[in-house]
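Everything on this sheet refers to the single structure shown next.
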Amino acid sequence: MIHPAIEEILRYNGPAEMSNIRWATEDVEYGDRHIRQGDMLFVSFSSANRDPQQFPEPDTFDITRKVNKHIAFGKGVHFCLGAPLARLEGEIAITALLRI
Ligand code: HEM
């Protein structure tokens, strides 16, 4: 279960809570918010990773989730370049801890 456990740790309590700064390149209507061109924005990965529309019972830590499309490493062109290394490091560290 180490691989799904790593993914669930990243979803449930990933270390990168917010994105780097973004600026809106055009006016956008998002829900009831009016985002204007030039506005500074942050994307909350932590919030997205607890979205009940994506994750059933999002506040439950569950390493048996069948689908776990979290965005703990971001998304798109700025997707984390170190994601494979970070996953491997997590796997090695947690496996070692479990053997103690
Ligand atoms: C659990 C560990 C890690 C997490 C959760 C994480 C998370 C993230 C996230 C969320 C972003 C996107 C930020 C944004 O969109 O504003 C990012 C970008 C990045 N990460 Fe990681 N990271 C981790 C480890 C690493 C490691 C080990 C490396 C390098 C060895 C690394 C290198 C990078 C780089 C270079 C970017 C910028 C990519 C770009 O802007 O094109 N990260 N990371």
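For clarity, every value in this text was computed on a predicted model and none was experimentally measured. In each ligand, atom 1 is the first atom listed, and ligand 1 is the first ligand listed.
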- Item | Taking atom 39 (C) of ligand 1 as the reference point, the nearest protein heavy atom with its distance | H78 ND1, 3.4 Å

- Nearest neighbour in protein (non-hydrogen) for atom 11 (C) of ligand 1: F73 O, 3.8 Å

- Query: Considering only heavy atoms, does R22 approach ligand 1 within less than 4.0 Å through its side chain, its backbone, both, or neither?
  - Reply: side chain

- What is the nearest protein non-hydrogen atom to atom 34 (C) of ligand 1, stated with its residue, atom name and distance? L81 N, 4.0 Å

- Query: Looking at F42, is R22 sitting on its ring face, NZ or CZ under 6.0 Å from the six-membered ring centre and within 45 degrees of the normal?
  - Reply: no

- Note on the structure: Looking only at protein heavy atoms, what sits closest to atom 30 (C) of ligand 1 is L85 CD2, 3.7 Å

- Query: Can you find a non-hydrogen atom of A72 under 4.0 Å from ligand 1?
  - Reply: yes

- Task: Can you sort out which atoms of ligand 1 are near V77, meaning under 4.0 Å from one of its heavy atoms?
- Result: 41 (O)

- With a cut-off of 4.0 Å, which atoms of ligand 1 are near a heavy atom of P15? 1 (C), 5 (C)

- Message: Show, in sequence, the C-alpha distance, side-chain angles and deciding distance for E7 and R65, and conclude whether the salt bridge (Lys or Arg N to Asp or Glu O under 4.0 Å) test is met.
- Response: CA-CA 10 Å; E7 298 309 313; R65 286 179 190 279; over 6 Å; no

- Note on the structure: Min over G82, P84, G76 of heavy-atom distance to atom 28 (C) of ligand 1 lands on G82

- Contact region, N20 to ligand 1, non-hydrogen atoms below 4.0 Å, reads both

- Message: Please list the nearest protein heavy atom to atom 19 (C) of ligand 1 with its residue and the distance rounded to 0.1 Å.
- Response: C80 CA, 3.6 Å

- Note on the structure: F45 heavy atoms within 4.0 Å reach ligand 1 at atoms 10 (C), 14 (C), 15 (O)

- For the residue pair T64 and D62, confirm or rule out a side-chain donor-acceptor distance under 3.5 Å. yes

